[in-house]
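Read through the structure below, which is laid out as structure tokens, and then see the notes.
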There are 2 protein chains.
Amino acid sequence: MESRFKEIAALIGDPTRATIMWVLLDGKAFTATELAIAADTSPQNISMHLNKLVQAELLCVESQGRHKYYKFSSKDIAYAIEGLANIIPPVTTKKNPDSPVTYCRTCYDHLAGKVGVMITDSLIQQKIIVDFEVSKKGEKWFAEQGLDINELKQQRRSFLRSCLDWSERRPHIAGSLATALLDKMLEEDWVRRTKNSRAIVITSKGQKNLYHHFKLTV
Amino acid sequence: MESRFKEIAALIGDPTRATIMWVLLDGKAFTATELAIAADTSPQNISMHLNKLVQAELLCVESQGRHKYYKFSSKDIAYAIEGLANIIPPVTTKKNPDSPVTYCRTCYDHLAGKVGVMITDSLIQQKIIVDFEVSKKGEKWFAEQGLDINELKQQRRSFLRSCLDWSERRPHIAGSLATALLDKMLEEDWVRRTKNSRAIVITSKGQKNLYHHFKLTV
DNA sequence: TACACAGTTAAGTGAGGAATGAAGTGTTTG
DNA sequence: CAAACACTTCATTCCTCACTTAACTGTGTA
């Protein structure tokens, strides 16, 4: 038990591997080369490190042609890394205004950052979500957005839970519902993912809709 | 941001320091010598490591005479370490029955393990806690136990929240209320802390009272 | 006062493991 | 088919940083 803990700690402890985990917090799968660039090291080296992480079952791989996509092997891993990131003190001063990454970003597979928290606040304020459960009114609302609550509930993963944001230090929605909401927003082109970053950019279409649905000025 | 993450990861990554963090998960403060014994290393070495952890503000120290007591410098640190421990797969098979540490233990400052989860279940089943909030009935119940709800609510820290147990993989109560409950149980000698371990032992007095209050046979 | 104990500081050593260079496999594309 | 690309494997190098030995400060106790 303790030895496994030490093993995990040692794996995450290396600077290159720490960077890998940091980048993967996005929730997306990354190729070996992308990770090599992000960690500023050689392909051979990243290959060695990725192999160790896969061996230890912290990451898993999927081969697609000549590419290999790496991602966290379980939610627990992502949450553990998120927990480590949580230690970092919030340094949002006037001199250091919100970067896109703290402003609007993904947390593994759902929306986080200031925007994630604001959307969550709005859902609660509109009584769409009450006590972190979808209300009667909420069910109707999500149906209007084209999200099938019952289908999402049937997934093995958690349907709706609270997740603490490491930059905002405030809870935002997570779980299959939050993922579905983010997917919908990506699909409708309200927001777009950025390459090599957890940051999310909001399109002008997104701005209008975020205001319309959440009274959110961005 | 990323560099601070790497720094933290590197600090926890060393086997000796990982052991320190693991031992400190108990929530108690430990002396340098105790930690040296736990990590199976020399006093000089533990001193060097502890110094690094304090410098990085992961731990804090308190001098008492010729002793120095070390503990996590914030809750966030404890939760991060707890998150890492969460990755470890549960290995409770028939051959490997519940050890005291998974059975009844402290999670930083509140009761966890099988007993922590069972108490939480009982509180929910008795409708003392509803939706992780203290009900009207609950307020009366806690008052009977000699716990002042309003005073606890006024503390700066979280009053009542859900905490995922790494051995049981189920939620149990945390926050100032949970801490107060554990303190009360220690005070009334229902349970006792053990030296150098997160395990908690249940006294015979405790067994009677746990059955009486929570219908819990231990 | 002396001695045991808790912890620290400083200099020197050594090993583990990350990074590099060179050569390989398998995949896609012109 | 050849060439570029994505990634791996292996042997070698190199360097950091944990640990040791030794000497020291400060606190409690016989």
Side-chain angles (χ1 to χ4, degrees), chain A residues 2-24 28-71 73 195-196, chain B residues 2-24 28-71 73 195-196:
Chain A
E2 185 185 331
S3 65
R4 170 71 176 153
F5 179 81
K6 282 195 267 188
E7 184 201 341
I8 292 169
L11 281 164
I12 300 174
D14 174 77
T16 303
R17 287 193 294 261
T19 304
I20 294 173
M21 301 310 258
W22 176 263
V23 171
L24 287 177
K28 280 200 327 189
F30 284 81
T31 66
T33 306
E34 285 173 323
L35 291 169
I37 293 165
D40 193 29
T41 187
S42 65
Q44 309 96 291
N45 201 30
I46 211 81
S47 177
M48 182 270 289
H49 285 301
L50 288 170
N51 201 31
K52 288 194 178 184
L53 291 168
V54 171
Q55 284 294 314
E57 293 187 302
L58 294 187
L59 301 186
C60 61
V61 212
E62 204 181 320
S63 291
Q64 270 179 39
R66 60 180 167 185
H67 297 276
K68 283 200 173 182
Y69 285 90
Y70 292 87
K71 61 177 179 184
S73 64
K195 208 170 157 63
N196 291 329
Chain B
E2 184 184 333
S3 66
R4 171 72 176 154
F5 179 81
K6 282 196 267 187
E7 185 201 341
I8 292 169
L11 282 165
I12 301 174
D14 173 78
T16 303
R17 286 192 294 261
T19 304
I20 293 173
M21 301 310 257
W22 176 264
V23 171
L24 288 178
K28 280 201 325 188
F30 285 81
T31 66
T33 306
E34 285 173 324
L35 291 169
I37 293 166
D40 193 28
T41 187
S42 66
Q44 307 94 296
N45 201 30
I46 212 80
S47 176
M48 181 270 289
H49 285 301
L50 288 170
N51 199 32
K52 287 194 177 183
L53 291 168
V54 171
Q55 283 294 315
E57 293 187 304
L58 295 186
L59 301 186
C60 61
V61 213
E62 203 180 320
S63 291
Q64 269 178 39
R66 60 181 169 184
H67 297 276
K68 283 201 173 180
Y69 285 90
Y70 291 87
K71 62 177 180 183
S73 64
K195 208 171 156 62
N196 291 328

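No hydrogens, no waters, no symmetry mates; every other heavy atom, side chains included, goes into these values. Keep in mind the model is a prediction, meaning the values are calculated, not measured. Reminder, nothing fancy here: chain letters follow the sequence lines and each chain counts from 1.
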remark   = Ranking Ser47(B) and His49(A) by the position along DNA chain C of their nearest nucleotide, the one closer to 5' is Ser47(B)

How long is the span from the [atom1] atom in [X] to the [atom2] atom in [Y], to the nearest 0.5 Å?
X	Y	atom1	atom2	result
Met48(B)	Thr16(B)	CE	OG1	7.5 Å
Phe5(A)	Met21(B)	CZ	CE	7.5 Å
Ile12(A)	Glu7(A)	CD1	CD	10.5 Å

query = Has Thr16(A) got a side-chain N or O lying under 4.0 Å from the OP1 or OP2 atom of dA19(C)?
reply = yes

key: N or O in side chain of Thr33(A) less than 4.0 angstrom from dA6(D) OP1/OP2   =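 For Thr33(A), the contact criterion (side-chain N or O under 4.0 Å from OP1 or OP2 of dA6(D)) is not met.
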
Using nucleotides 21-30 of chain C, report all nitrogen or oxygen pairs with the protein that are shorter than 3.5 Å.
| from | atom 1 | to | atom 2 | distance (Å) |
| --- | --- | --- | --- | --- |
| dG21(C) | N7 | Gln44(A) | NE2 | 2.9 |

Nearest whole Å is fine: how far is [N] [atom2] from [X] [atom1]?
X	N	atom1	atom2	result
Asn45(B)	dA6(C)	CG	C1'	16 Å
Glu34(A)	dC5(D)	CD	P	16 Å
Lys6(A)	dA18(D)	NZ	C1'	14 Å
Lys68(B)	dT25(D)	NZ	P	16 Å
Ile12(B)	dC17(D)	CD1	P	16 Å
Asp40(A)	dT20(C)	CG	C1'	14 Å
Tyr70(A)	dA6(D)	OH	C1'	10 Å
Ile46(B)	dC17(D)	CD1	C1'	16 Å

message = Taking the side chain as everything from C-beta on, heavy atoms only, tell me whether Ile20(B) gets closer than 4.5 Å to Phe30(B).
response = no

query = If you check every side-chain atom of Thr31(A), which of dA19(C), dT8(C), dC7(D) has the closest atom?
reply = dC7(D)

query = Between dA6(D), dA18(D), dT8(D), which nucleotide has the shortest distance from any of its atoms to the side chain of His67(A)?
reply = dA6(D)

Main-chain N/O of [Y] paired to [X] side chain as donor or acceptor, under 3.5 Å:
X	Y	value
Thr31(B)	His67(B)	no
Thr19(A)	Pro15(A)	yes
Ser73(A)	Leu58(A)	yes

query = For Tyr69(A), which contact category applies under a 4.0 Å heavy-atom criterion: base, sugar-phosphate, or nothing?
reply =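 No contact.
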
